[in-house]
Structures are given as C-alpha cells and as structure tokens.
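All remarks here apply to the structure that follows.
Reminder, nothing fancy here: chain letters follow the sequence lines and each chain counts from 1.
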There are 2 protein chains.
Amino acid sequence: MVAVAGGRKKISESTIRRLSLYYRVLSVLEKENYQTVSSRELAKREKLTPAQVRKDLSFFGSFGTRGLGYPVSELKKQIGEILGLNRVWNVALIGVGNIGSALVGYKEFLRQGFRIKVIFDNDQRKIGSNHKGIKVSDIQNLEQDLRENNIEIVVIAVPATVAQYIVDDVVKAGIKAILNFAPLNLKVPPDVFLRNENMSMELEYLSFALKNLQDGKGTIK
Amino acid sequence: MVAVAGGRKKISESTIRRLSLYYRVLSVLEKENYQTVSSRELAKREKLTPAQVRKDLSFFGSFGTRGLGYPVSELKKQIGEILGLNRVWNVALIGVGNIGSALVGYKEFLRQGFRIKVIFDNDQRKIGSNHKGIKVSDIQNLEQDLRENNIEIVVIAVPATVAQYIVDDVVKAGIKAILNFAPLNLKVPPDVFLRNENMSMELEYLSFALKNLQDGKGTIK
DNA sequence: TAACATTTGTGAAGGATTTCACAATCGTGT
DNA sequence: ACACGATTGTGAAATCCTTCACAAATGTTA
Ligand SMILES: NC(=O)c1ccc[n+]([C@@H]2O[C@H](COP(=O)([O-])OP(=O)(O)OC[C@H]3O[C@@H](n4cnc5c(N)ncnc54)[C@H](O)[C@@H]3O)[C@@H](O)[C@H]2O)c1
Ligand SMILES: NC(=O)c1ccc[n+]([C@@H]2O[C@H](COP(=O)([O-])OP(=O)(O)OC[C@H]3O[C@@H](n4cnc5c(N)ncnc54)[C@H](O)[C@@H]3O)[C@@H](O)[C@H]2O)c1
C-alpha cells in the first residue's frame, strides 16, 4: 500500500507499523540497560517472528552485527530517524470534547515528539479557556492559526457530522497529515495522508471473535 | 491470521475489519433511504474496490441480486449478524482517567451494542463516584464483579505499568476478549482475544509519511 | 590462529490477499 | 416473451507479504 516512488524502495504499511512496535520495545530495553538485542528477543516481545524483524529492518539498512544482534540505543536512534521521531512535530487538535480532552492530557505524545500546540473548538464556552496550558482557539481562525503555528499534523476530534467540512478547511490550509477519530471516511486529496482511529472496529472485531466462539463454529486462532 | 478451525472458512482479519466499514456505510445509506446499493457504490464510499466488496461478502453467502445490487437494510442486518452486533455485549472498563472517561461518555458504543456496565479504578477518590450513571467499583472486587455482571469484554485504560497485572486477573476471571489502550504488548493465553488501540502508531505513521515527503524521497501513495 | 557458536542479511519459496475477468442472473422495457 | 443493460459471484491470475533456509560474518575461547 505504501510505496516510495522515485526512490528505490517499496515499504509496506505493515512494516512501518511494526517499526513503531520495535521502537517501543527498544525504548524499554534501553531502560532495562540492554546493550544489544537479537531479532529473536525483539520478535518475542511483540509476538512476531525473528525473520520478520530482520526483513523489516533490512529494507532500511544493516543495523546489526552477525553473531551479536542489534545495538539497542543505536537501533532505536536509527528507527527514530526512519519514522521521523528525532524531532518535534507541531500538532493541532480540533474539537476538545470527550476524546479531545483525553488527548490533550496525554503527556506521552509530547515525549514522542508530538506537541499539541493549538486547540480549536466552536463552543463559545470553551473558546479562550485553558486546557493543560493551551488556550482554546476559535475554529473561525482555523486557516490563519494553522499557518501561523506551522502546524504539520491535525487531529480531528469533532462530531462526524461536521468532520468533512472541517477537514476541507484543514486541507485548504495546506495540511498534509490528518489523524481522524470521527467514524466516517473522510475525503482528502491524494497528497494528504489520512489515518483513522476506529475504536468501534476493534470492538466489533472482538464481537465477531466471541460470536464465533459461542456459536461453536470452532476456535479462532 | 484469523481462521475458523473446525469450520469451513478462512476469514482474514482484513475482511472482518472491512465488514465493520460496510456496516457503517450501510447504516448511513439506510438513513439516506437507499433501497439497494451496488458493490461499486459501497466500495466508493470506503475507498475500496468493487471486487473486494463482493469477495468479502461472498465468504459469508450470497446477499445480492445480479443486475440490482444489495438490499441495504437486509445486508446491514446480515453483516450485523456476522459481526455479532444484533445483541448487547456487557463491557467493563478498567481505569477511569483521561481516556477511560472519554469512553464512558461516548454514547455511540451503546448504540452499537456495547454497554459499559461496570467501571473499575483503584483511586479511592474515584471509587463510589458516579460516571454517567455508573458507579465506579473498587478494582479489589474485580473478579467477583466481572462474574456477577456477566462481563464479556474488558477495556483496559490504566497506565502501562500496571496493565499486565490487571490483565492477568481479568483472564483469571474467565474473560475472553480484551481491548487494550495501554502502549505495551500484553501477554494473554491463546484462547483470549486481544486487540490493541495504538494511537502512537498512527501518529508515527503520519510522521514517517511526512518525513519521506520532506526528504524529497518521492511521493508516498 | 583456528575452531566454534551465534546471529545477521537476504534470495527464494511459500502463503495470503487482492484484483481480474467473465459467465450467470436479474429487472426492466418493449 | 424476449432482448438488453446492469451487476453479482467466483475461479484464476496477479500481487503482496511472510517465512524459510543458509551463506556470510562476527565475537569468544582455547
Ligand atoms: N468519546 C469517545 O470515546 C470516542 C470514541 C471513538 C470515536 N469518537 C469520535 O470522536 C469525535 C469526538 O467525540 P467526543 O466524544 O469527544 O464528542 P464531544 O461532543 O464530546 O466533543 C466534540 C467537540 O467538538 C466541538 N465541535 C463541534 N462542532 C465543531 C465545529 N464545527 N468546529 C469546532 N469544534 C466543534 C464541540 O464543541 C466539542 O467540544 C466524534 O466524531 C466521535 O464519534 C469518540
Ligand atoms: N489519554 C490518552 O489520550 C491516551 C492515548 C493513548 C493511550 N493511552 C493509554 O491509556 C492508558 C490510560 O491513559 P490515561 O491518560 O487515561 O491515564 P490516566 O492516568 O488519566 O488514567 C489512568 C486511570 O487508571 C487508574 N488506575 C491506576 N492504577 C490502577 C490499578 N492498579 N487498578 C485500577 N485502576 C488503576 C487511575 O486511578 C486512573 O484513573 C495509559 O496506558 C495510556 O498510555 C492514553
């Protein structure tokens, strides 16, 4: 699904997602003072296969030492480099309701380099108020504020009914990356990256799994 | 990845995830008073291909009429049946902090048949308090309360540091389906279904995409 | 220095998923 | 009653992704 055209490589979406997992494990290993880690250990910690780990990494270079494994800190740095985590991204959040508030209160994002710099809402009672040190801006000033703050990633946490209108404006403002929590398929131009956070989908997956268990249709593995 | 053993079919995880999308679109179409819908239209609304839609559905039966398409309400009901959505699931939430509160306040889940029936926390200030009409229970009574309330799905929204201990208890209580928000790979027995909601992963995917854009490595499609 | 145990990096094989392409079938209009 | 346009359902082909299997390379030990 994901191909770097013009470049040499074809990196699958799954590989990129697994890089996130490796990065997370490496952070833990670093804290646990591991110097090196084998593909076997790395795989075990995320329920993957060693071959998968090595293949994923091989798309980007040779980071390991044969007979030894991978240097933990160095590999973490390298994957961070690949994923673009060795810097701070300016993020805007639109809609500070249930889920929006939760995101603003989550310090882990900042630690990973995602800084929520601006928050937008259209509720007069919320505009101007403070959320974790960030003043809520009026959605009226969306385009201008996005540009002035050099926002690179926008998180959509508004009701589904208005999400498309807002995204249209976000795109107009030149934003190229959007994380969407509203349960609908947003339309964006092909040069805009869109990811959806779909919690219902995960619950429905569990529902499906349980149902098949209960129907005695056999075990799902 | 997902196989119904003992049964006849092999249903991929991707297919199940797409069923969720079809279900969502069909709900919209139903509201828009569509009688029938073609695989072409269904595909367009979720950025898939018509062949994909037909193939997915064909794993479960023949729901359409050649020359006409699929009957909207009927297909929605059928997919609901497949996913186990035509009933109510009893859900427990553990950890009513930032994200937990957001989930409790989200009415859409109930509408989809996921009823948060019990909430657990270990914070004395929270235990006994009310969240949207649900009294917060003491995590001490976890096993007993899970059983007494016939809980079938547990949502984990506690800090990563304690998540594994809690999941161990949840598994002991006989729960077979877990949705996890904590950023770690939980260990569960093979007969327990575990899904992870990993927001960092999605942000990191966007980060990767933007970085590759900016490095002029070409366009990512 | 040489033998050994270990683990990487990677082509090739295998498996899974998606797309293609078309016969089969339906509703409609005449 | 029949012809036509539309659309499904599905084997087969194509593509994509994962796993295998092993040569190459390293650190260690004697
Ligand atoms: N709460 C959850 O747990 C949850 C889970 C999954 C998905 N979602 C989705 O996330 C989105 C937000 O959910 P929520 O529960 O936080 O809803 P909410 O109603 O609590 O929050 C929505 C916020 O958006 C603001 N808003 C509304 N219209 C706006 C506009 N035109 N411009 C700017 N701001 C506007 C509202 O003032 C409010 O603050 C919804 O699409 C919902 O379906 C929520
Ligand atoms: N807030 C977010 O936006 C967000 C995003 C992604 C992931 N997460 C993850 O979700 C989890 C919860 O995040 P949060 O921001 O809501 O944290 P939080 O600290 O606001 O909430 C955690 C809750 O768990 C409770 N808790 C702690 N230990 C417990 C125990 N042993 N038994 C029962 N309850 C216990 C706390 O009292 C608190 O109410 C974390 O693992 C976090 O990494 C949060």
Hits for ring-ring contact (aromatic ring centres under 6.0 Å, His included) against A:Phe63, two or more places apart or cross-chain, chain-then-number order -> none
Round to the nearest Å and state the distance from B:Leu48 atom CG to C:dT17 atom C1'. 13 Å
N/O (side chain, B:Gln52) to phosphate O (OP1/OP2, C:dT17) under 4.0 Å: no
Which residues in residues 21-35 of chain A have a heavy atom closer than 4.0 Å to any atom of DNA chain C? none
Nearest-Å distance for atom pair CZ/P, residues B:Arg17 and C:dT18: 12 Å
Within-4.5 Å side-chain heavy-atom neighbours: A:Glu152 and A:Ile175: no
Would you please name every residue forming a ring-ring contact (aromatic ring centres under 6.0 Å, His included) with A:Tyr23, sequence neighbours left out? none
Test of understanding: with salt bridge (charged side-chain N to carboxylate O under 4.0 Å, His left out), list the residues that count as partners of A:Arg147, not counting sequence neighbours. A:Glu143
Name every donor-acceptor pair, under 3.5 Å, that has one atom in a side chain of residues 66-77 of chain B and the other anywhere in the protein, sequence neighbours excluded.
{"unit_1": "B:Ser73", "atom_1": "OG", "unit_2": "B:Glu30", "atom_2": "OE2", "d": "2.9"}
{"unit_1": "B:Glu74", "atom_1": "OE2", "unit_2": "B:Gln78", "atom_2": "NE2", "d": "2.8"}
{"unit_1": "B:Lys76", "atom_1": "NZ", "unit_2": "B:Glu30", "atom_2": "OE1", "d": "3.2"}

My understanding is that only residues two or more places apart in sequence, or in another chain, count here; which of them pass side-chain contact (heavy atoms from CB on, under 4.5 Å) with B:Ser207? A:Leu85, A:Trp89, A:Phe114
Take nucleotides 6-15 of chain C nucleotide by nucleotide from the 5' end and write B, S or -, depending on whether a protein heavy atom sits under 4.0 Å from the base, only from the sugar-phosphate, or from neither. BBBBBBB---
Taking atom C1' of D:dT18 as reference, at what distance in whole Å does atom NZ of A:Lys10 sit? 16 Å
Salt bridge (charged side-chain N to carboxylate O under 4.0 Å, His left out) with A:Asp168: which residues, sequence neighbours excluded? none
Specify the separation, in whole Å, of atom CZ of B:Phe60 and atom P of D:dT8. 18 Å
A:Glu202 meets the salt bridge (charged side-chain N to carboxylate O under 4.0 Å, His left out) criterion, sequence neighbours left out, with B:Arg17, B:Arg195
